[in-house]
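What you see is a predicted model, and the numbers here were worked out from it, not measured in a lab. Quick note: numbers below take in every heavy atom, side chains included, and nothing from hydrogens, waters or symmetry partners.
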Amino acid sequence: MGINQSNLALTGFDYVVAVTQDSINSALDDYLYEGLEEKTLCFVYNSSNIPTATCFKSFVEQVGTDPFSVPNNTPSADPRVQALNNAAFAFAIKAKLGLPPGVPPTKLPDIIQLSPGQSAVTYTLLFSEFIGTQLLFGPRGSVTWFNEAQPFGMAWCFSGNVSLDFQASSFANLPPDVQKRLNGLGNQEEFSVQQLYYDLNSSDLEQQFQFVDSPMNSALNTFMTADFINTYWKALGGNEVLGYGAKRIANVSSSGLAVTNLNFFVPNAVGNEAAPLTLNYLCATNNDVLPATTHANFGWNWIEPNEVASYDGAAALNRKTFAGYIGNALASYMKNNCLSPFVRVWLKGAIPKYSWSMTAGQTPTVSIPDSGEVILSVSYEADSKDQAGSDGDLGKMELSTSYSLNASVSGSQITVVQHLVIYVYIKHLATSASGNVVDIQIIDTYSLGIDDNGTLKVDKHLPETTNNSKDPKANDFLNFWADVNKIISDVATWAQSIASTNLQTVPIAAVQNFVFPGGATFTFTDVGFSDGQDLVSHIAYVSTANLNQQQARAEGGKRS
């Protein structure tokens, strides 16, 4: 069943984006194809013999020797090695994150590996270029020069676990600006592979990393373990690995639904053993409280085995969140139909006089059910009465109003039913008349589609209007005393004029202006309502290589 089983109202999450492990790896491969910016890092020993970062360019200008130009195993007596030693050189690294040249795509290790029931992922850094240089000090003051690079056709991998639990105390203790940078909120990049790669590469979140696939028992392995991991990695002090930063995609419409909190989790796959694991972005919107990940083992699969070749993942919007969005979009319109009546009856001599008014803009009662096809229910009722004489024997008047709006969803359709009633009762001396001078129901039906960027496309059907209003000129009123006819006719004409101005078919913009969060990252391929009435869509990463990636998956290849 896949996303048709989505029922986020049971979990409390406002919005969930789920992407498969293979789709993330394919998108990251595509992103890293050209490699990121090359970075050079240089460390020298301070007075306490602790490696300390220094400016590589300034160091080379001062010493007159580029350590990367000195071949491996150059004798310690060489003037260049002596110059570096005298300058307290410790080690230097030249690295470029990317895909290792000469390694076939199907032989590349997974950049991320997901584990069910966790917010941590196993992450492997790949380098399109990696060179390490170091002065190795041995017994009796001996010095060995080390300079080794990742060979063509081989991948030196830096691998470990990264905790993406943004509800953990370790994350909460980070400075607010660092938290904001890591969750990417407010820059349209929350779900992008660029932002995910930024998070994976942030030393604020790194844990338990080590080099693998480098020659064991070699100087390189010693260097990587002793210096790169334990010294260089920690020396970053919270900065991004190799200075990487997330980049924003421009010219994409922002969603009207702001993601205000986010966390990661990998739920257990259910049913068919071939169902893929997915990395879930668990989202709160509009400053709602984000539930704990204990609520995120959903009990359904976002992507089923037969969908893997067609989609990278799925997006689901909680029915209550979507209902709240529609309610907010229609708030001013609905208030305009919530009419507070006022009547006054008094005597002028022995003759009763009447005055009446209604004030629009009242606040209705709004209900957003947890289940069922009705996702939004709005109602307002008000009444005003007055009388003159003993117990109203000379004159009475009552004016009451009621307005309701119910929005229901099914399949790919939204149906909105409105009903406005204005009731009038007039008693003049011994004669009275009453009726619903306004009784109008309007049914609007919308069929939904979606564009690539996640904007809803709405086909509005012709509205169905039922008018059961009583005409004061009809026979119902002709047998009453002329003064009553005149008064109720005036009230009816006035009330119907207000209704014709205020009550309209629901503005299409209330639905059509909705944009799924993530339009800067994903192509949205379809849209509809799940059995739990969540608004759901299958998604694919925005990439020039999407078609190739999907074809490769369909043919059984690991990645394009």
Side-chain angles (χ1 to χ4, degrees), residues 1-8 10-29 108-124 157 159-171 182-183 190-191 193 195-197 199-200 205-209 212 261-284 290-316 318 518 522 530 532 534 536 538-541 553 558-559:
M1 294 291 288
I3 59 174
N4 286 333
Q5 293 176 294
S6 179
N7 193 348
L8 293 180
L10 297 176
T11 71
F13 297 107
D14 292 338
Y15 186 54
V16 173
V17 172
V19 282
T20 65
Q21 176 176 298
D22 278 353
S23 71
I24 297 172
N25 283 317
S26 295
L28 285 171
D29 283 355
L108 287 171
D110 285 331
I111 296 175
I112 72 158
Q113 291 182 324
L114 305 179
S115 298
Q118 298 184 24
S119 293
V121 301
T122 301
Y123 168 53
T124 298
C157 304
S159 185
N161 293 325
V162 179
S163 173
L164 295 174
D165 187 356
F166 288 177
Q167 290 178 323
S169 58
S170 58
F171 182 84
L182 288 169
N183 60 35
E190 301 100 329
F191 312 111
V193 290
Q195 180 65 47
L196 177 60
Y197 200 63
D199 292 343
L200 294 171
L205 301 176
E206 301 298 352
Q207 299 175 6
Q208 304 171 5
F209 269 70
V212 295
N261 204 350
L262 177 150
N263 203 8
F264 292 91
F265 189 73
V266 180
N268 292 292
V270 298
N272 194 315
E273 292 183 1
L277 293 175
T278 56
L279 180 65
N280 285 211
Y281 294 77
L282 310 174
C283 304
L290 183 66
T293 56
T294 51
H295 297 271
N297 266 318
F298 295 110
W300 61 82
N301 297 321
W302 293 113
I303 295 293
E304 293 288 9
N306 63 342
E307 298 175 323
V308 170
S310 302
Y311 310 116
D312 289 339
N318 191 317
F522 301 111
S530 69
D534 290 339
V536 295
H538 288 104
I539 57 177
Y541 278 110
R553 289 200 292 272
K558 187 175 183 182
R559 301 211 284 277

> Which heavy-atom pair separates Y15 from A315 by the least distance, and what is that distance?
Replying inline: OH-CB, 3.5 Å
> With distance as the sole test, does Q167 use its side chain to make a donor-acceptor pair with the main-chain N or O of P291 at under 3.5 Å?
Replying inline: yes
>> Minimum heavy-atom separation for P276 and P305, please, with both atom names.
In response: CD-N, 4.4 Å
> For D165, what residues pass the side chain to side chain donor-acceptor pair (under 3.5 Å) criterion, not counting sequence neighbours?
Replying inline: N263
> Taking the side chain as C-beta and beyond, is there a heavy-atom pair between L290 and L262 under 4.5 Å?
Replying inline: no
>> Using the side-chain contact (heavy atoms from CB on, under 4.5 Å) criterion, which residues pair with V266? Sequence neighbours excluded.
In response: L114, L277, L279
>> Rounded at 0.5 Å granularity, tell me how far CG in D312 sits from OG in S26.
In response: 7.5 Å
> What are the two closest non-hydrogen atoms of A314 and I539, and how far apart are they?
Replying inline: N-CG1, 3.5 Å
> So which heavy atom on G117 is nearest to which on N268, and how close?
Replying inline: N-OD1, 4.3 Å
> Hey, which of L196, V16, N183 is the one that makes side-chain contact (heavy atoms from CB on, under 4.5 Å) with Y281?
Replying inline: L196
>> Could you work out, with ring pair (Phe, Tyr, Trp, His ring centres under 6.0 Å) as the rule, every residue matching F265, not counting sequence neighbours?
In response: none
>> Using a 3.5 Å distance criterion without hydrogens, assess whether the side chain of S23 forms a donor-acceptor pair with backbone atoms of T20.
In response: yes
> What residues form a side-chain contact (heavy atoms from CB on, under 4.5 Å) with N306, not counting sequence neighbours?
Replying inline: E304
>> Would you call the rings of F166 and F264 parallel, tilted or perpendicular, taking 30° and 60° as the class edges?
In response: perpendicular
> Do Y197 and Y123 come within less than 4.5 Å of each other through their side chains, counting heavy atoms only?
Replying inline: yes
> Q118: what forms a side-chain contact (heavy atoms from CB on, under 4.5 Å) with it, not counting sequence neighbours?
Replying inline: S115, A120
>> If you compare all heavy atoms of L282 against all heavy atoms of A296, which two are closest, and at what distance to 0.1 Å?
In response: CD1-CB, 3.8 Å
>> Do C283 and F191 make a side-chain contact, defined as non-hydrogen atoms from C-beta onward lying under 4.5 Å apart?
In response: yes
> Which residues satisfy the side-chain contact (heavy atoms from CB on, under 4.5 Å) test with A18, sequence neighbours excluded?
Replying inline: T278, N280, W302
> Hey, what do you get for CD (E307) to CG (N301), rounding to the nearest 0.5 Å?
Replying inline: 9.5 Å
> Measuring from D534:CG to Q5:CD, what's the distance to the nearest 0.5 Å?
Replying inline: 12.0 Å
> Would you call L164 and D199 a side-chain contact if the rule is heavy atoms closer than 4.5 Å?
Replying inline: yes
>> My understanding is that only residues two or more places apart in sequence, or in another chain, count here; which of them pass side chain to side chain donor-acceptor pair (under 3.5 Å) with N318?
In response: none
> From I303 CD1 over to H538 NE2, what is the distance, rounded to the nearest 0.5 angstrom?
Replying inline: 4.5 Å
> Backbone N or O of P267 within a donor-acceptor pair of the N297 side chain at under 3.5 Å?
Replying inline: no
> Say you draw a straight line from CG of L108 to OG1 of T124; how long is it, rounded to the nearest 0.5 Å?
Replying inline: 11.0 Å
>> Go through it in stages, so that I can follow the logic: the residues are N161 and T122, the test is side-chain contact (heavy atoms from CB on, under 4.5 Å), and I'd like the CA-CA distance, side-chain angles, deciding distance and then a yes or no.
In response: CA-CA 4 Å; N161 293 325; T122 301; 3.2 Å; yes
> Is there a side-chain contact between L200 and V121, using heavy atoms and a 4.5 Å cut-off?
Replying inline: yes
> Which heavy atom in S530 sits nearest to a heavy atom in S6, and how many Å separate them?
Replying inline: OG-O, 2.7 Å
>> Is there a side-chain contact between F298 and L10 in this structure, where contact means two heavy atoms from C-beta onward sitting under 4.5 Å apart?
In response: no
> Atom CG in D22, atom CD1 in I112: separation rounded to 0.5 Å?
Replying inline: 9.5 Å
